[in-house]
Every structure is written in C-alpha cells, then in structure tokens.
Amino acid sequence: MPELPEVEVIRRELEPLLKGKVFAEPALHMPSTIGHPNPDLFTASLPGRIIKNINRTGKYLMIKLDRGILTVHLRMTGNLLYVENSAFEKRFLRVSLPFIDCSALHYLDMRRFGRLWLTETEAELKEMVLKRIGPDILNDLCLEDFLELLSRRQRGRIKALLLDQGFAAGLGNIYTDECLYRSGIDPNRRVQDLKESEAEKLYQSILGVLDDGIKYGGTTFRDYRNARGALGDFQNRLAVYGRKDELCHCGAFIAKTKVAGRGTYYCPRCQK
DNA sequence: GCTTACCTGTCG
DNA sequence: CGACAGGTAAGC
C-alpha cells in the first residue's frame, strides 16, 4: 500500500495530533506485529512515554519519544488510524496504542506484513531496523548525490534500482512507474545505458511525482487510508500505473509487463 | 539476479 | 480455481 507519499501524508497528519501525548498500556491483538523487543517487554515499556515529534525515512515512520523511538512500517496493507475515543474498527486490528487522555493510535493490517519496533537509542534503531536503508529520496538526496550513487550502481535495470531501498528510500511500485513515465525512460533500460541528461531528468521527475503524490493525499489503489481513515486522491492522476490498455495522451496504448518481478506499466511510445 | 515466503482478499 | 496485489527478507 504505502510508499513515501502515503507515509508522509500520515506523518504530517499525526505529528500535530500526537505531540505531547502520553502512552497508556498497549493491547497486542497480534503480538507478532512487534518486531522489537519481545511483546511483553514492549507492552511493559511503553506506558508513560511521551511523544516529541514524528520523522520519516523512506517508508519508515519514526515516532520520537522522550525516551526511545517507536518505528512503524506499513508494508502492503498496514494502516495507522488515530481515534479520539474508544470507538474503533475491529476488523484487522493488530495493535492498540491508547493514550492516557483516552484517544488512541490503532494499527490495522489485513495481510499482517507490517511491523512496529520500540528502540531505546538512535544507534539501536539503525542497527535493528534501518540497517539496509539508503537516504530518503525526497529529503536527503540532492542531484549530485543521486548521480554519484547511480554511477556506483551501473548493473541491472533502472526500475529494479529505483525499487531498491538500499539505493535510496521511498519509491515503490506505483511511483516508480510514474517517475519513469515522466522522464520518458523505459523501465527495462539498463542503468549503465542512461545518459547524464536522462539521469537528471529522472531525478527531477522523482521529486515532482513524490511532491504531487503528497499534495493529492497519496494513492488509494485499494487499501490505503490516511490517519483519519480518508482516501487519497492521486489514483485519479496516475499517468500509467493500473492503466493497461488505456490511452496515453500521445495516443498509444499503455502496456503492462513484468520488470524486477513486479507488474510494470509504461507507454511504449513515450518511454525509450 | 530470480523465486519463494510471509498473509488475506479480490478479480477474471 | 489460479493469478495477482502498494513490501521486503531470505533462499538458491
């Protein structure tokens, strides 16, 4: 479900709502959702801790506490939902994180892939959770660094590289296809064959697409909901993703193929 | 690299 | 019924 724009929309919503909140005792309806520490220690450790602010690297959301950091990754179908009172969605509820003022943050996840981690220090966060994660592609990667990283990763196809969170963090399957469309690059192109002008155009396209995704509240293709349960709107502005056999503005039909093991949409006429 | 596994649901 | 789905880790 969520790629960088969806996680950023949730971050922007939650930060003002949660700042200063004090945790009460969590309810782990599915203990295996907790990646670290063990579920009993997680439950015992959280009460009394205070939320300071919320950060994001790629698709990871980091809730900074007065002591430690609570990190969330939504994987495919995770949903962080803020509620003012005890009323809540029961279906797919995996973890309830109530606050002492009776509001709560609920973690719901149909497919159960997502995880929550509580770590005590930044070093532990890096070690336990963000070990293989590259720089955030929207906030921590300038054009020069992007070109430099590209020059060191010449093997393989451009789509596979953009999806690699160790290269740069944040792009997923939908936004990768949209970025390659905007930059006119075939997803099957080999990285080594890209001209510098193409790499620059790709970088600018990435920033533009991610900004637009955030501006329109993220993409709800199926399951994505923001922290208040509302749908995104960017699915109505996608150029290629999910649009097989529909018309590109150029008049050609959008095609679907498989690249890097993922369903891939592109315009055979606009992308070379 | 590619495939499989993790899960549940939907679509054809 | 099989194929596929916004993600990622682990296995050849």
Side-chain angles (χ1 to χ4, degrees), chain A residues 1-10 29-36 56-61 71-80 89-95 107-117 127-134 136-137 153-181 187-192 206 209-210 212-214 216-226 230-245 256-265:
Chain A
M1 157 172 70
E3 305 180 30
L4 185 153
E6 289 73 39
V7 179
E8 178 62 18
V9 167
I10 291 170
H29 307 106
M30 199 189 75
S32 59
T33 303
I34 307 303
H36 182 86
R56 181 190 56 71
T57 295
K59 303 166 194 171
Y60 291 84
L61 201 64
T71 303
V72 181
H73 195 302
L74 305 169
R75 290 285 182 97
M76 292 286 266
T77 55
N79 175 212
L80 271 180
E89 277 279 327
K90 286 193 267 299
R91 206 174 181 209
F92 308 133
L93 181 62
R94 308 304 182 192
V95 174
Y107 181 71
L108 300 90
D109 192 346
M110 181 180 79
R111 291 176 72 180
R112 313 182 187 210
F113 290 162
R115 290 290 179 271
L116 278 64
W117 301 263
E127 163 77 21
M128 307 274 330
V129 186
L130 302 180
K131 205 167 192 170
R132 299 175 171 181
I133 299 303
D136 184 83
I137 200 162
R153 296 286 299 272
Q154 294 282 293
R155 293 164 200 268
R157 310 199 183 269
I158 185 60
K159 170 152 180 173
L161 184 62
L162 294 178
L163 287 171
D164 182 349
Q165 304 297 295
F167 166 71
L171 289 175
N173 206 32
I174 294 178
Y175 290 95
T176 296
D177 282 2
E178 294 297 307
C179 292
L180 289 168
Y181 171 78
N188 257 315
R189 283 279 294 283
R190 294 186 177 281
V191 181
Q192 59 193 4
I206 291 168
V209 167
L210 294 177
D212 286 350
I214 294 166
Y216 290 104
T219 303
T220 301
F221 210 79
R222 288 189 175 77
D223 307 300
Y224 171 70
R225 301 290 185 277
N226 67 23
L231 309 184
D233 194 43
F234 196 61
Q235 64 277 8
N236 299 314
R237 295 179 159 75
L238 296 171
V240 288
Y241 187 89
R243 302 191 59 223
K244 176 175 153 63
D245 294 336
K256 185 182 183 189
T257 180
K258 191 165 271 199
V259 179
R262 315 290 303 275
T264 298
Y265 300 86

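We name chains A, B, ... by the order of the sequence lines, and we start the count at 1 in each one.
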Distance, rounded to the nearest Å, where Arg132(A) contributes CZ and dG7(C) contributes C1': 15 Å
Any Gln165(A) side-chain N or O less than 4.0 Å from OP1/OP2 of dG7(C): no
Sugar-phosphate only, base, or nothing, as touched by Gly172(A) at under 4.0 Å among non-hydrogen atoms: sugar-phosphate
Touch class at under 4.0 angstrom, heavy-atom based, for Gly114(A) against every strand present: nothing
Atom-to-atom span, CZ of Arg115(A) to P of dA9(C) - whole angstrom: 11 Å
Minimal non-hydrogen separation, Val7(A) against Leu61(A), with atom names: CG1-CD1, 3.8 Å
Residue pair His73(A) / Trp117(A), side-chain heavy-atom distance below 4.5 Å: yes
Between dG7(C) (C1') and Arg112(A) (CZ): distance, integer Å: 17 Å
Base dA5(C) paired with Arg111(A) side chain (donor-acceptor, <3.5 Å): yes
Closest non-hydrogen atom pair between Thr264(A) and Arg262(A), with its separation: OG1-O, 2.9 Å
Whole-Å distance separating the CG atom of Leu130(A) from the C1' atom of dA9(C): 15 Å
Range on DNA chain B touched by chain A, heavy atoms, distance below 4.0 Å: dG1(B) to dG9(B)
Distance between P atoms of dG2(C) and dT4(B) (Å, rounded): 15 Å
Sugar-phosphate, base or nothing in reach of Lys131(A), heavy atoms under 4.0 Å: nothing
Distance, rounded to the nearest Å, where Gln235(A) contributes CD and dA5(C) contributes P: 18 Å
Gap in Å between the two C1' atoms, one belonging to dT10(B) and one to dT8(C), rounded: 22 Å
Parallel, tilted or perpendicular: rings of Tyr175(A) and Phe234(A) (30°, 60°): parallel
CZ (Arg132(A)) with more than 12 external heavy atoms under 6.0 Å: no
Polar contact flag, side-chain donor to acceptor under 3.5 angstrom, Asp109(A)-Thr77(A): yes
Side chain to side chain, Arg157(A) and Arg189(A), heavy atoms closer than 4.5 Å: no
Touch class at under 4.0 angstrom, heavy-atom based, for Arg91(A) against every strand present: sugar-phosphate
Nearest-angstrom distance from the residue atom CG of Asn79(A) to P of dA5(C): 22 Å
N/O (side chain, His73(A)) to phosphate O (OP1/OP2, dT8(C)) under 4.0 Å: yes
Separation of dC4(C) P from Tyr241(A) OH (nearest whole Å): 12 Å
With Lys159(A), the side-chain hydrogen bond (donor to acceptor under 3.5 Å, both in side chains) member among Thr176(A), Asn188(A), Asp177(A): Asp177(A)
Pair assignment for DNA chain B - dot-bracket with | for other-strand partners, Watson-Crick or G-U under 3.5 Å: ||||||.|||||
Between dA9(C) (C1') and Lys59(A) (NZ): distance, integer Å: 14 Å
Touch class at under 4.0 angstrom, heavy-atom based, for Tyr175(A) against every strand present: nothing
Basic-acidic side-chain contact under 4.0 Å: Asp164(A), Arg153(A): yes
Gap separating the OG1 atom of Thr33(A) from the CZ atom of Arg115(A), nearest 0.5 angstrom: 6.0 Å
Face-to-face stacking of Phe113(A) with dG7(C), centres under 5.5 angstrom, angle under 30°: yes
